[in-house]
Amino acid sequence: MEKITQRFLKYISYDTKSDPENGENQKPSSPGQWDLANELKKELEELGLEATINDEAFVFSEIKANTDKNLPKVGFISHMDTSPEMPGKIDNPQIIEYKGGDIKLNDKRSLTVEDFPILEDLKGLTLITTRGETLLGADDKSGIAAIMNMAEYFVNHPEIEHGDIKIAFTPDEEIGTGADTFDVETFGADFAYTIDGGYLGELEYETFNGAGAKVKIKGKSVHPGSAKDTMINSTSIAFEFDRLLGDVKRPEHTEGYEGFYHLIGINGDIENTNMEYIIRHHDRNEFESMKNQFILNKDYLNNKYGDIIEVEIKDSYYNMGEILKDKPEIVGYAKTAMENLGIEPIISPVRGGTDGSKLSFMGLPCPNIFAGGLNFHGVYEILPIEFLEKSSETIIEIVKVIAKDC
């Protein structure tokens, strides 16, 4: 427990918050990701493994097969960046032997059982928490620690038969650009697992289909005293556009396989208003229908007010379940590994996306496995150390299952 914990504490001391302002023009989007990439390369080399960093800070390594069997090449992937929503560097996390009740983070913030009933399930575990001012970084530095722990295990146990084990640490997952330039051919795995989930036992092979939409509205400003039949208030038209999407398909009203429209930003005045949405649905046909609704809204309002609205829609990722449904054995290896360890697999759709969403469509089938953290992207983030240990044990067991079953 101590070694994997120390690894995690080291990794979260690096400021790797990704920067969406740089995301399209610079990779990695923040300099701290370079610092962590260099540290991970050094650690892999200290284990006796070859490791490389490319010019976008992707770290690649490999534990070579020690058998003549023709086993599949399996990969494990975690991302180095943390969410841009808040500061990610933390030097002073709390480590608590949790007995129950609320957890004080600082004088103003606490993790309360009322707000976070999941705490009831964590009694008796050792928890790492923030001090209420930054996120913790378990998304996804717990995944990195789990993979590094796995690598050390196989280096120290050459008697355990295995095929080629591929390792990758990637930048900028949190801003959706990390997997865009992932070199699947160089990585060389037949399939992989992202270690980027949360609660103990999570095993995910379905994600949303995702798109982003930008709506630009051009109004006409005139003096309000003489505005009758002349003024076109672009802000008012923006509200009308949003109402046409309805009130049901909103994040706050949906769960499970239900999709949503989410207005994530709006700014404007009478002359110009810009809106930014994300569009999500698990079903591809429903996803396409939801995107088309933006075009229908645009056409309706342009017909009503003149040619004043432009809509730009860009797909972000697709449901990896479309790929993985034809490769059930990949999910099966992970499920068997968890069951062998006494972990109950929790199989549910991801109400989001992972790097595995893009990678699966790039030719690298890639389900997602728990890394142990909870309450991601905020000051209330928690990592039960026991969950982190089980994540690494699961990765190790997957390799063993593949060697046995293939």
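Using a 4.0 Å cut-off between a side-chain N of Lys or Arg and a carboxylate O of Asp or Glu, Lys3 and Glu152 qualify as a salt bridge. Lys123 and Glu120 are joined by a salt bridge, as a carboxylate oxygen and a charged side-chain nitrogen come within less than 4.0 angstrom of each other. A salt bridge between Lys166 and Glu62 is present, with a side-chain N of the basic residue lying under 4.0 Å from a carboxylate O of the acidic one. In summary, Arg7 and Glu2 do not engage in a salt bridge, as defined by a charged side-chain N under 4.0 Å from a carboxylate O. Between Lys27 and Asp180 there is no salt bridge, since no side-chain N of the basic residue sits under 4.0 Å from a carboxylate O of the acidic one. Ion pair Glu258/Arg351 not flagged as a salt bridge, since none of the NZ, NE, NH1 or NH2 atoms sits closer than 4.0 Å to an Asp/Glu carboxylate oxygen. In summary, Glu271 and Lys220 do not engage in a salt bridge, as defined by a charged side-chain N under 4.0 Å from a carboxylate O.
Side-chain contact, Asp81 with His79: a donor N or O sits under 3.5 Å from an acceptor N or O. Side-chain atoms of Tyr11 and Gln6 form no donor-acceptor pair, as typed in the model, at a separation below 3.5 Å.
Residues satisfying the salt bridge (Lys or Arg N to Asp or Glu O under 4.0 Å) test with Lys41, not counting sequence neighbours, are Glu45. The side chain to side chain donor-acceptor pair (under 3.5 Å) test applied to Tyr153 returns Lys400, not counting sequence neighbours. Every residue two or more places apart in sequence or in another chain was checked for a salt bridge (Lys or Arg N to Asp or Glu O under 4.0 Å) with Lys327, and none qualifies. Take Thr16 and apply the side chain to side chain donor-acceptor pair (under 3.5 Å) test, not counting sequence neighbours, and it matches Lys141.
A donor-acceptor pair under 3.5 Å is absent between the side-chain atoms of Asn272 and the main chain of Gly268, judged by distance alone. For Gln33 (side chain) and Asp172 (main-chain N/O), a donor-acceptor pair under 3.5 Å exists by modelled atom type. Here the side chain of Ser392 pairs no donor or acceptor atom with the backbone of Glu389 at under 3.5 angstrom. Formation of a donor-acceptor pair under 3.5 Å by the Gln293 side chain with backbone atoms of Leu245 is not found in this model. A donor-acceptor pair under 3.5 Å is absent between the side-chain atoms of Gln26 and the main chain of Asn22, judged by distance alone. Using modelled atom types, one side-chain atom of Glu381 and one backbone atom of Ala138 make a donor-acceptor pair closer than 3.5 Å. No donor-acceptor pair under 3.5 Å is formed between the side chain of Gln94 and the backbone N or O of Ile128. Lys89 places a side-chain N or O within donor-acceptor distance of the main-chain N or O of Ser13, the cut-off being under 3.5 Å. A donor-acceptor pair is defined here as one N or O able to donate and one able to accept, closer than 3.5 Å; such a pair exists between the side chain of Ser234 and the backbone of Ile270.
Within the cation-pi definition used here (under 6.0 Å to the ring centroid, within 45° of the axis), Arg250 does not qualify as a partner of Tyr261.
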Side-chain donor-acceptor pairs of residues 338-347 under 3.5 Å, sequence neighbours excluded:
unit_1 : atom_1 : unit_2 : atom_2 : d
Glu339 : OE2    : Lys335 : NZ     : 2.8
Asn340 : ND2    : Glu397 : OE2    : 3.1

Atom pairs and distances, side-chain donor-acceptor, residues 362-378, under 3.5 Å, sequence neighbours left out:
unit_1 : atom_1 : unit_2 : atom_2 : d
Asn368 : OD1    : Thr194 : OG1    : 2.7
Asn368 : OD1    : Asp196 : N      : 3.2
Asn368 : ND2    : Glu204 : OE1    : 2.7
Asn375 : ND2    : Tyr380 : O      : 2.9
His377 : ND1    : Glu85  : OE2    : 3.3
His377 : NE2    : Asp139 : OD2    : 3.1
His377 : NE2    : Glu174 : OE1    : 3.1
His377 : NE2    : Glu174 : OE2    : 3.4

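Between the CD1 atom of Ile382 and the CD1 atom of Ile96 there is a distance of 9.0 Å, given to the nearest 0.5 Å. Note that the OG atom of Ser61 and the CD1 atom of Ile53 stand 11.0 Å from one another [nearest 0.5 Å]. In this structure, CE on Met80 lies 8.5 Å from CH2 on Trp34, to the nearest 0.5 angstrom.
When each of Phe169, Phe361, Phe187 is tested with Phe182 by the rule ring pair (Phe, Tyr, Trp, His ring centres under 6.0 Å), just one qualifies, namely Phe187.
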Would Tyr305 and Tyr300 count as a ring-ring contact (aromatic ring centres under 6.0 Å, His included) if you check the C-alpha gap in whole Å, the side-chain angles of each, and the deciding distance to 0.1 Å?
CA-CA 9 Å; Tyr305 296 107; Tyr300 170 75; 8.3 Å; no

Run the side-chain contact (heavy atoms from CB on, under 4.5 Å) check on Lys17 and Thr82 step by step: do they pass?
CA-CA 5 Å; Lys17 182 174 77 168; Thr82 57; 3.9 Å; yes

Can Ser18 and Ser30 be said to form a side-chain hydrogen bond (donor to acceptor under 3.5 Å, both in side chains), step by step?
CA-CA 6 Å; Ser18 50; Ser30 56; over 6 Å; no

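The aromatic ring centres of His262 and Tyr277 sit 6.0 Å or more apart.
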